[in-house]
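Order of appearance sets the numbers: ligands from 1, and atoms from 1 within every ligand. This structure is a prediction, so every number in the text was calculated from the model and none was measured.
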Amino acid sequence: MCGIVGYIGARQAAPILLDGLKKLEYRGYDSAGVAVLNEGAITVKKTKGRLKNLSDMIDGGHKIPGTIGIGHTRWATHGEPSDINSHPHTSESGKIAVVHNGIIENYMKIKEFLTAKGYTFVSETDTEVIAHLADYYYNGNLLETVVKIINKLEGSYALGLISSDHPDQMIAVRKDSPLIIGLGEAENFIASDIPAILKYTRSVYLIEDNEIALLTPNGVTLYNTDLDEISKEVFSVDWDIAAAEKGGYEHFMFKEIMEEPQSVLNTIGPVLRDGLLKLDKVPGRISIVACGSAYHVGIVGKYVIEALTRIPVEVDIASEYRYRNPIITEDTLVVVISQSGETADTIAALREAKKQGAKIFGIVNVVGSSIARESDEVLYTLAGPEIAVATTKAYSTQLTAVYLLALSLKKAMGELSAEEEKYYAEELLRLPDLISAMIEQKDKIQYYASRYFNAKSVFFIGRGLDYALSLEGSLKLKEISYIHSEAYGAGELKHGTISLIEEGTLVIAVATQEKLFEKIVSNIREVKARGAVVLAIATEGCELIEECADGVLYIPKTDPLFTSSPAVTLLQLFAYYVASLKGCDIDKPRNLAKSVTVE
Ligand code: F6R
């Protein structure tokens, strides 16, 4: 979603802002802008479309001199993508400029209030009310002005603000939208995500809700909303800039799939070495909440946890969970899964569960993110930064995290014998190699992609864990290739949807579950009889499937509970090659954003 970068120091700000915004491009945006302060005046340049348009407009930043500035990439919510609606927005006097991520829910009310006071609005955005409020409350002290502004705001925000009256100050504040402060030598930064400033510093403050940062070139002071000074530990980023760059690959998505074996090993290695997770209490019920792909991991989690522990598990889409008045008992463990740790719907679900007394177990990739901080316990997936909008390596590591949770629960129940623990640990440690084996099959996967990339509509079918995986295979394909696709429990298709199957419809049948093999073969025959073309995903040793499918891709044999791991890599690669053959913008699919920080 939207991105924020700010710079204050001795160097020219605009090129640094453009560079930082470029690093945030992956998050999705439709317009970009910067505001730079020089010799007592703020210059704002902003435009609809790609960052390159902005960069060309200001000659890579050289056209607007100044050593303090804020920049923004906007993903439209209130008002269409346009030059006027782009950020930064300024107060009527032009003395204060502001960039904002998030949504101001009460902006209509504030707009009415300010209009009655004589303010004129030029954009359709919610953000413009902040710029005018800044003018309305301004008393010569920027910090005090910001406190008054945020007292008035309802909703979510990460804000960066500069004023031509204060050429050595920048203010940043957040609520329910990510924001970090980068600490440099005689220069400081604000950003909505680490990659934006990693080139300049690894030392950051992870700002929490209602913390206000006052940046000068020589230091950063943090305050609470009473303007008492607060202290905070400096967080040192331990991953490299190379991890956030393409490193010779054509797309981040492909690079990230290639990184899956290592990411999975990084995630399971330490937990297995320590003899699984130490859980202080065995829950009576488990509720998993997440969005999108992370939700699909949750469905795999349901199958695996219930199979291993017999603890009942329910899985909810986070945006539904919070409004359905969920039943949370004393012994409910709520498992929250999120790559970014900043997904607004997931955070809201977490808070709802916490309010009702649930204990929260977070499975999170981004260290120090909101979900990580607000969970009672966290299992980090060590996938490293994921840049492509479509998740791949994070999904793979989340899968292994739920396997580890299931085994840890079984152990805490006293039901995991030493032999079983050894067996499962060995099976888990084989997964990186099995995933590598899938990657080695990439030419064959590409071949099938080239046969089917013209499909107009695709159905993924599977049973049990293969159904859970079908949901992810289908999402991956549709989000990056724009081919309409749906996933069904293979036995469910005949209850209506089978009427859509006609001559040549592509059906991808996932058939890795040995005990359900006969069943899915019958379902394949059903769709074949209606003209479907079937590409099957099966386990080595199940060659019988070749008798009914038009094409088969095999995954290596593993414990039936863990087949989703190699199989998802296969489906990710299939989606990747299809999108590539269709010439799609693979890393930045239309309409999508990397982390969805608005409800
Ligand atoms: C799809 C995808 C999304 C995310 C979802 C949750 O490829 O990436 O469906 O899985 O938006 O995001 P996180 O995991 O950051 O909470």
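The nearest protein atom to atom 10 (O) of ligand 1, hydrogens excluded, is given as Ser293 N, 3.2 Å; this is a heavy-atom distance. Of the protein's heavy atoms, Thr343 OG1, 3.4 Å lies nearest to atom 12 (O) of ligand 1. Considering only non-hydrogen protein atoms, atom 11 (O) of ligand 1 sits nearest to Val596 CG2, 4.3 Å. Here the heavy atom of the protein found nearest to atom 6 (C) of ligand 1 is Cys291 O, 3.4 Å.
Counting heavy atoms closer than 4.0 Å to ligand 1, residue Val389 contributes backbone atoms (N, CA, C, O) but none from C-beta onward.
Ring-centre distance between Phe254 and Tyr576: below the 6.0 Å cut-off.
Taking a cutoff of 4.0 Å between a charged side-chain nitrogen and a carboxylate oxygen, Glu320 and Arg324 do not qualify as a salt bridge. Salt bridge status for Lys359 with Glu377: present, with a side-chain N to carboxylate O gap under 4.0 Å.
For the ligand labelled ligand 1, residue Thr392 lies outside the 4.0 Å heavy-atom shell. Contact between Lys476 and ligand 1 is present, with at least one heavy atom of the residue lying under 4.0 Å from the ligand.
No option in Ile371, Ile363, Val297, Val366 other than Val366 meets the side-chain contact (heavy atoms from CB on, under 4.5 Å) test with Gln339.
Near Ala294, the atoms of ligand 1 lying under 4.0 angstrom from a non-hydrogen atom of the residue are 10 (O), 14 (O). Residue contact check: Gln339 has heavy atoms under 4.0 Å from atoms 13 (P), 14 (O), 15 (O), 16 (O) of ligand 1. Applying the 4.0 Å criterion to heavy atoms of Ser340 picks out, from ligand 1, the atoms 13 (P), 15 (O), 16 (O). Within ligand 1, counting atoms from 1 as listed, the ones closer than 4.0 Å to a heavy atom of Gly292 are 9 (O).
Side-chain atoms of Thr332 and Arg285 include a donor-acceptor pair closer than 3.5 Å. With hydrogens and angles left out, the side-chain atoms of Ser293 and Tyr395 include no donor and acceptor closer than 3.5 Å. Side-chain polar atoms of Thr392 and Gln572 form no donor-acceptor pair below 3.5 angstrom.
Ring geometry for His484 against Phe459 counts as perpendicular: the plane angle is over 60°, on a 0 to 90° scale with 30° as the lower cut.
Looking at Glu479 next to ligand 1, an N or O pair under 3.5 Å apart turns up.
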